[in-house]
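Ligands are counted one by one from 1 in listed order, and the atoms in each one are counted from 1 as well. None of these values were measured; they are calculated from a predicted model. Just so you know, these numbers use all the heavy atoms, side chains as well, and skip hydrogens, waters and symmetry mates.
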Amino acid sequence: MGVDALQRLRGFIGEIATLVDTAPDETTLIEQGKASLAQLVAVDDWLPAAYAQPSPERYQQFLLYADARQRFSVVSFVWGPGQRTPVHDHTVWGLIGVLRGAERAQAYRRDEHGALLAAGPEALLERGDVEAVSPALGDVHRVSNAYDDRVSISIHVYGANIGAVERYVYPEDGPPKRFISGYSNDTLPNLWHFPKDHRQS
Ligand code: FE2
């Protein structure tokens with residue numbers, strides 16, 4: 001990975017910043033953001049190895065960039081073989097682009113009593129595919145590595161400093177649980193790293 005390769009990430013961050021500067025409606029933002037993210041994940045030569053390391057314990061969320069005004073953040077999600085998230089929400093818009101491997105996403109919706117039900121079939125996102133979530137589009141899902149024998153990596157963009165956002169996981173056998181995800185950058189501290197002691201998940 002050379003300087004030119006990292007330029008892809010820098011260019012992408014500039015595009016998202018310019019887009020957010022125009023305060024577009026959500027449809028425009030997601031459409032244009034998806035186009036930029038699709039370009040970024042079309043070539044897998046730019047993600048530094050430190051941000052591509054799986055952990056045997058849980059999937060990793062490495063912060064790549066957070067906007068100075070916390071209007072957006074960019075994260076690499078690194079899935080070890082067979083790893084998956086709990087059912088969770090985001091509370092802000094989010095874009096997901098698969099850089100390496102593949103992942104599965106199951107969306108959930110609420111029935112008339114407020115209970116969560118699987119909405120539609122599980123989607124398979126393959127390398128280069130881009131998806132979106134938001135409170136308007138559908139904000140609750142479970143995501144997993146599509147592979148049991150290799151690492152997958154996706155690049156996520158969120159409409160906030162996502163590691164510090166209070167949101168919910170939805171256990172199958174209990175009430176919703178508040179959580180703040182933090183980031184996995186333990187050895188790469190930065191201003192946006194939510195204190196580990198405050199992590200609940
Ligand atoms: Fe998610």
Side-chain angles (χ1 to χ4, degrees), residues 12 16 26 29-31 33-34 36-38 40-41 47 51-52 54-55 57-67 70-110 116-147 151-172 176-185 192-194 199-201:
F12 170 74
I16 298 294
E26 186 179 282
L29 190 152
I30 285 177
E31 188 185 317
K34 277 171 101 172
S36 290
L37 183 57
L40 179 70
V41 298
L47 184 66
Y51 300 89
S55 158
E57 270 139 50
R58 57 168 296 158
Y59 59 91
Q60 300 289 285
Q61 305 164 74
F62 295 108
L63 179 66
L64 301 180
Y65 183 78
D67 170 65
Q70 302 186 76
R71 296 171 304 170
F72 70 95
S73 53
V74 182
V75 179
S76 66
F77 252 68
V78 183
W79 307 94
Q83 289 177 342
R84 67 177 195 170
T85 68
V87 178
H88 65 276
D89 64 14
H90 312 84
T91 76
V92 294
W93 60 265
L95 305 172
I96 298 140
V98 179
L99 181 70
R100 202 173 296 173
E103 62 188 48
R104 296 185 191 282
Q106 175 64 60
Y108 289 80
R109 64 176 177 82
R110 292 190 186 282
L116 284 171
L117 301 172
E122 197 173 54
L124 176 64
L125 302 180
E126 298 186 273
R127 191 178 158 188
D129 287 348
V130 174
E131 254 314 329
V133 292
S134 83
L137 291 173
D139 196 33
V140 179
H141 68 176
R142 178 202 293 283
V143 184
S144 52
N145 189 348
Y147 294 108
V151 170
S152 292
I153 299 178
S154 53
I155 304 301
H156 298 201
V157 189
Y158 299 96
N161 173 20
I162 194 67
V165 171
E166 272 195 23
R167 46 202 178 114
Y168 285 90
V169 294
Y170 300 91
E172 274 161 42
K177 256 176 53 185
R178 254 177 16 167
F179 86 111
I180 296 171
S181 68
Y183 296 111
S184 308
N185 311 44
W192 306 109
H193 190 151
F194 197 83
R199 281 192 217 169
Q200 295 173 27
S201 168

For a quick test of your reading: what N or O donor-acceptor pairs under 3.5 Å do the side chains of residues 81-89 make, sequence neighbours left out?
from	atom 1	to	atom 2	distance (Å)
Gln83	OE1	Tyr59	N	3.2
Gln83	OE1	Gly80	N	2.7
Gln83	NE2	Ser55	O	2.8
Thr85	OG1	His88	ND1	3.4
Thr85	OG1	Val143	N	3.0
Thr85	OG1	Val143	O	3.4
His88	ND1	Pro86	O	2.9
His88	ND1	His141	O	3.3
His88	NE2	His90	NE2	3.2
His88	NE2	His141	NE2	3.1
Asp89	OD1	Tyr168	N	2.9
Asp89	OD2	Tyr170	OH	2.8

Ser73 (side chain) donor-acceptor with Ile162 (main chain) under 3.5 angstrom: yes
Residue and atom names of protein N/O/S atoms that fall under 2.8 Å from the Fe ion (ligand 1): His88 NE2, His90 NE2, His141 NE2
Side-chain donor/acceptor of Gln106 to backbone N/O of Gly120, under 3.5 Å: yes
Criterion side-chain hydrogen bond (donor to acceptor under 3.5 Å, both in side chains) on Tyr108 and Asp139, from CA distance to verdict: CA-CA 8 Å; Tyr108 289 80; Asp139 196 33; over 6 Å; no
Tyr51 side chain reached by Asn185 side chain, heavy atoms, under 4.5 Å: yes
Under 3.5 Å side-chain donor-acceptor pair for Glu103 and Trp79: yes
